[in-house]
Trainee: 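Attaching a single structure in structure tokens format; questions to follow.
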Amino acid sequence: MTILALTGGVGGAKLSLGLTHVLDPSEVIFVVNVGDDFEHFGLSISPDIDTLTYTLAGIVNESTGWGREDEAWDCLEELKRFEADTWFQLGDRDLALHLFRTGSIKRGRSLTEITEIICSRLGIKYRIVPVTDASLRTRVLTDQGSLAFQDYFVRLQCNPKVSKLEYHQRTPASLSPAIKTDQISGIVICPSNPFLSIDPILEVDEMRAILVEREFPVVAVSPIVGDRSIKGPTAKMMSELGMQVTCTGVARHYHEILDGYMIDNTDAHHTAEIEALGIRVRMAPSIMHTLDDKIQLASNCVDFLDELT
Ligand code: FO1
């Protein structure tokens, strides 16, 4: 039986790394958001998959949380000479991965297969799986119009005011064949951005159906601690969308699919209102600075799932 960990990029990768210290490779599948994926200079880029891959391979750039450590930037510097679009920073080593992925897609391999090959070449024993092999793209409706995800996130630095999120599918996206739905023993929703990272995963019909008809527990870790985002624009977006910017606001967003919710100790005063939604609450330190923090939180999630089973 397998736990699914639903995750986006930087924040989710921290808990995912912790999970690899408490679960064997056969016990967990990391199901990754693809709503951020896009084409740039003709290359197929899957930022959240790559962030998790580099993190689990131990080669992520620790200061940004994305991209590679020991990166070289010769290509980007040359591109600047041609006044090309250099707002999205692609390092030389990272480019090699994009060239491999793009070529493989052109030759007809699926994103699931390509991700498996990349993981194995980087020595990762864990399964990193895109939620779908189909095209699923997040669009952000803002006061500056409808924006492709990376335009909003990287080019415009999340500055536009968000009014709505849309998840565009060319054809109804089916779940990656690497996710065996009859073998799931529990789901952990990582402390990723609910709108940008987790909701696109839940847009895949089969994934939502698994969560609605489940016979196993689902636990989420709040991405909001003390009324602020642990990472990124979650709090800003919640406020722009008219939501209460607290861990309870996120619990309300997820309430149909949650059995358990991990909140930070500093948010203890929210327990009663979350439990009134029919969700069990467990408190633990949720800000992950060190590897030990990640392992401890991961271990708490797995214990919580056991308790709810
Ligand atoms: N994030 C940035 O803020 N600026 C960048 O230039 C940037 C480049 C980049 C290149 C490859 C990659 O895999 C990720 C990259 N990211 C960059 C991160 C990424 O776009 C976002 O963190 C995610 O899409 C949000 O989860």
Trainee: With no hydrogens and no angle check, is any side-chain donor or acceptor of E240 less than 3.5 Å from a backbone partner on V162?
Mentor: yes
Trainee: Does CD belonging to E256 count more than 12 external heavy atoms closer than 6.0 Å?
Mentor: no
Trainee: Give, for atom CG of D264 and atom CE of M283, the distance between the pair rounded to the nearest 0.5 Å.
Mentor: 9.5 Å
Trainee: Treating Q157 as the side-chain partner and V154 as the backbone partner, does any N or O pair qualify as donor plus acceptor under 3.5 Å?
Mentor: yes
Trainee: What I want to find out is whether R68 reaches E71 closely enough, with some N-O distance under 4.0 Å, to be called a salt bridge.
Mentor: no
Trainee: Quick check: does any side chain N or O of T142 sit under 3.5 Å from a backbone N or O of P160, one acting as donor and the other as acceptor?
Mentor: no
Trainee: Taking salt bridge (charged side-chain N to carboxylate O under 4.0 Å, His left out) as the definition, give me every residue that meets it alongside R81, ordered by chain and number, with sequence neighbours left out.
Mentor: E78
Trainee: Side chains of I3 and E27: does their closest heavy-atom pair fall under 4.5 Å?
Mentor: no
Trainee: Would you list the atom pairs, donor with acceptor, under 3.5 Å between side chains in residues 88-98 and any protein atom, with sequence neighbours excluded?
Mentor:
unit_1	atom_1	unit_2	atom_2	d
D92	OD1	D74	N	3.3
D92	OD1	C75	N	3.1
D92	OD2	D74	N	3.1
R93	NE	D70	O	3.0
D94	OD1	Y54	OH	2.6
D94	OD1	H98	NE2	3.4
D94	OD2	H98	NE2	3.3
H98	ND1	R101	NH1	3.3

Trainee: Are the side chains of Y167 and L136 in touch, meaning some heavy atoms are under 4.5 Å apart?
Mentor: yes
Trainee: So do the side chains of V219 and M262 get within less than 4.5 Å of each other, counting heavy atoms only?
Mentor: yes
Trainee: Give the minimum heavy-atom separation between T138 and P200, together with the two atoms involved.
Mentor: OG1-CG, 3.7 Å
Trainee: If you look at every heavy atom in V28 and R127, which pair is closest and at what distance?
Mentor: O-NH2, 3.7 Å
Trainee: Quick one: does S46's side chain get under 4.5 Å of V34's, heavy atoms only?
Mentor: no
Trainee: Taking atom types as modelled, find out whether D24 and S26 have a side-chain donor-acceptor pair closer than 3.5 angstrom.
Mentor: no
Trainee: Between L258 and I189, is any pair of side-chain heavy atoms under 4.5 Å apart?
Mentor: yes
Trainee: Same hydrophobic cluster for L56 and I29, using side-chain heavy-atom links shorter than 4.5 Å among ILVMFWY?
Mentor: yes
Trainee: Between E275 and V281, is there a donor-acceptor pair closer than 3.5 Å when you use the side chain of the first and the backbone of the second?
Mentor: yes
Trainee: What's the separation between atom NZ in K125 and atom OG in S120, rounded to the nearest 0.5 Å?
Mentor: 10.5 Å
Trainee: Please evaluate residues T53 and D50 with respect to the criterion side chain to side chain donor-acceptor pair (under 3.5 Å), reporting the C-alpha separation (whole Å), side-chain torsions for both, the decisive distance (0.1 Å), and the verdict.
Mentor: CA-CA 5 Å; T53 303; D50 294 347; 4.8 Å; no
Trainee: Quick one: are F38 and F149 in side-chain contact, heavy atoms under 4.5 Å?
Mentor: no
Trainee: For A284, is there any backbone N or O sitting under 3.5 Å from a side-chain donor or acceptor partner on N265?
Mentor: yes
Trainee: Taking a hydrophobic cluster as the set of Ile, Leu, Val, Met, Phe, Trp and Tyr residues connected by side-chain heavy atoms closer than 4.5 Å, whether directly or through intermediates, do V225 and V250 fall within one such cluster?
Mentor: no
Trainee: Pairs under 3.5 angstrom only: tabulate donor-acceptor contacts from the side chains of residues 205-215 to other protein residues two or more places apart or in another chain.
Mentor:
unit_1	atom_1	unit_2	atom_2	d
E206	OE1	L175	N	2.8
R214	NE	D259	OD2	3.0
R214	NH1	L211	O	2.4
R214	NH2	D259	OD1	3.1
R214	NH2	D259	OD2	3.4

Trainee: Supply the atom-to-atom distance I105 CD1 to F100 CZ, rounded to the nearest 0.5 angstrom.
Mentor: 10.0 Å
Trainee: Mark yes or no for whether D267, through its side chain, and G226, through its backbone, hold a donor-acceptor pair below 3.5 Å.
Mentor: yes
Trainee: With no hydrogens and no angle check, just 3.5 Å: does a side-chain donor-acceptor pair link D48 and T51?
Mentor: no
Trainee: Between the side chain of T115 and the main-chain N/O of L111, is any donor-acceptor distance below 3.5 Å?
Mentor: yes
Trainee: Are side-chain heavy atoms of K14 and D293 found at a separation under 4.5 Å?
Mentor: no
Trainee: Grouping I, L, V, M, F, W and Y whenever their side-chain heavy atoms are under 4.5 Å apart, do L15 and L291 come out in a common cluster?
Mentor: yes
Trainee: Can you hop from L79 to W73 via hydrophobic side chains spaced under 4.5 Å?
Mentor: no
Trainee: Measure across I179 and P130 and return the closest heavy-atom pair with its distance rounded to 0.1 Å.
Mentor: CD1-O, 4.5 Å
Trainee: Say whether, by atom type as modelled, one donor and one acceptor occur between the side chain of Y254 and the main chain of Y261 under 3.5 angstrom.
Mentor: no
Trainee: May I ask whether Y126 and I184 are part of the same hydrophobic cluster, defined by side-chain heavy atoms of I, L, V, M, F, W, Y residues being less than 4.5 angstrom apart, directly or through others?
Mentor: yes
Trainee: Go through it in stages, so that I can follow the logic: the residues are T2 and K180, the test is side chain to side chain contact (heavy atoms under 4.5 Å, CB included), and I'd like the CA-CA distance, side-chain angles, deciding distance and then a yes or no.
Mentor: CA-CA 9 Å; T2 320; K180 308 284 180 236; over 6 Å; no
Trainee: Would you check if the side chain of R139 reaches a backbone N or O of S146 as a donor-acceptor pair within less than 3.5 Å?
Mentor: yes
Trainee: Looking only at non-hydrogen atoms, find the nearest pair between M1 and S185 and report the distance.
Mentor: CB-CB, 3.7 Å
Trainee: Any donor and acceptor pair, going by atom type alone, linking the side chain of N61 with main-chain N or O of T64 inside 3.5 Å?
Mentor: yes
Trainee: Is atom CD of Q169 surrounded by more than 12 heavy atoms (other residues, nucleotides or ligands) closer than 6.0 Å?
Mentor: yes
Trainee: What distance do L6 atom CG and I198 atom CD1 have between them, rounded to the nearest 0.5 Å?
Mentor: 5.5 Å
Trainee: Can you sort out the partners of D151 under salt bridge (charged side-chain N to carboxylate O under 4.0 Å, His left out), two or more places apart, ordered by chain and number?
Mentor: R155
Trainee: Are the side chains of T102 and I45 in contact, using a 4.5 Å heavy-atom criterion?
Mentor: no
Trainee: Which atom names give the shortest non-hydrogen contact between E39 and S44, and what distance separates them?
Mentor: OE2-OG, 3.7 Å
Trainee: Return the CD1 to CG distance between I201 and N33, rounded to the nearest 0.5 Å.
Mentor: 5.5 Å
Trainee: Taking only distance into account, with no hydrogens and no angle test, what donor-acceptor pairs under 3.5 Å do side-chain atoms of residues 301-309 form with protein atoms, sequence neighbours excluded?
Mentor:
unit_1	atom_1	unit_2	atom_2	d
E307	OE1	R282	NH2	2.2
E307	OE2	R280	NH2	3.3
T309	OG1	L305	O	2.7

Trainee: Under 3.5 Å, is there a donor on one side chain and an acceptor on the other for T132 and S176?
Mentor: no
Trainee: Ignoring hydrogens and angles, state whether a donor on the side chain of T248 or E273 is under 3.5 Å from an acceptor on the partner side chain.
Mentor: yes
Trainee: Out of curiosity, L52 CG to I128 CD1, how far, rounded to the nearest 0.5 Å?
Mentor: 4.0 Å
Trainee: Run the side chain to side chain contact (heavy atoms under 4.5 Å, CB included) test on V31 and T7 for me, step by step, so that the C-alpha distance in whole Å, both residues' side-chain angles and the decisive distance to 0.1 Å come before the verdict.
Mentor: CA-CA 6 Å; V31 179; T7 179; over 6 Å; no
Trainee: Would you be so kind as to tabulate the donor-acceptor pairs closer than 3.5 Å made by side chains of residues 190-197, with sequence neighbours excluded?
Mentor:
unit_1	atom_1	unit_2	atom_2	d
S192	OG	G8	N	3.0
N193	OD1	F195	N	2.9
N193	OD1	L196	N	3.0
N193	ND2	T234	OG1	3.3

Trainee: So which heavy atom on G65 is nearest to which on V60, and how close?
Mentor: O-CG2, 3.4 Å
Trainee: List the steps and the verdict of side chain to side chain contact (heavy atoms under 4.5 Å, CB included) for E62 and E69.
Mentor: CA-CA 7 Å; E62 295 280 355; E69 64 174 6; 5.9 Å; no
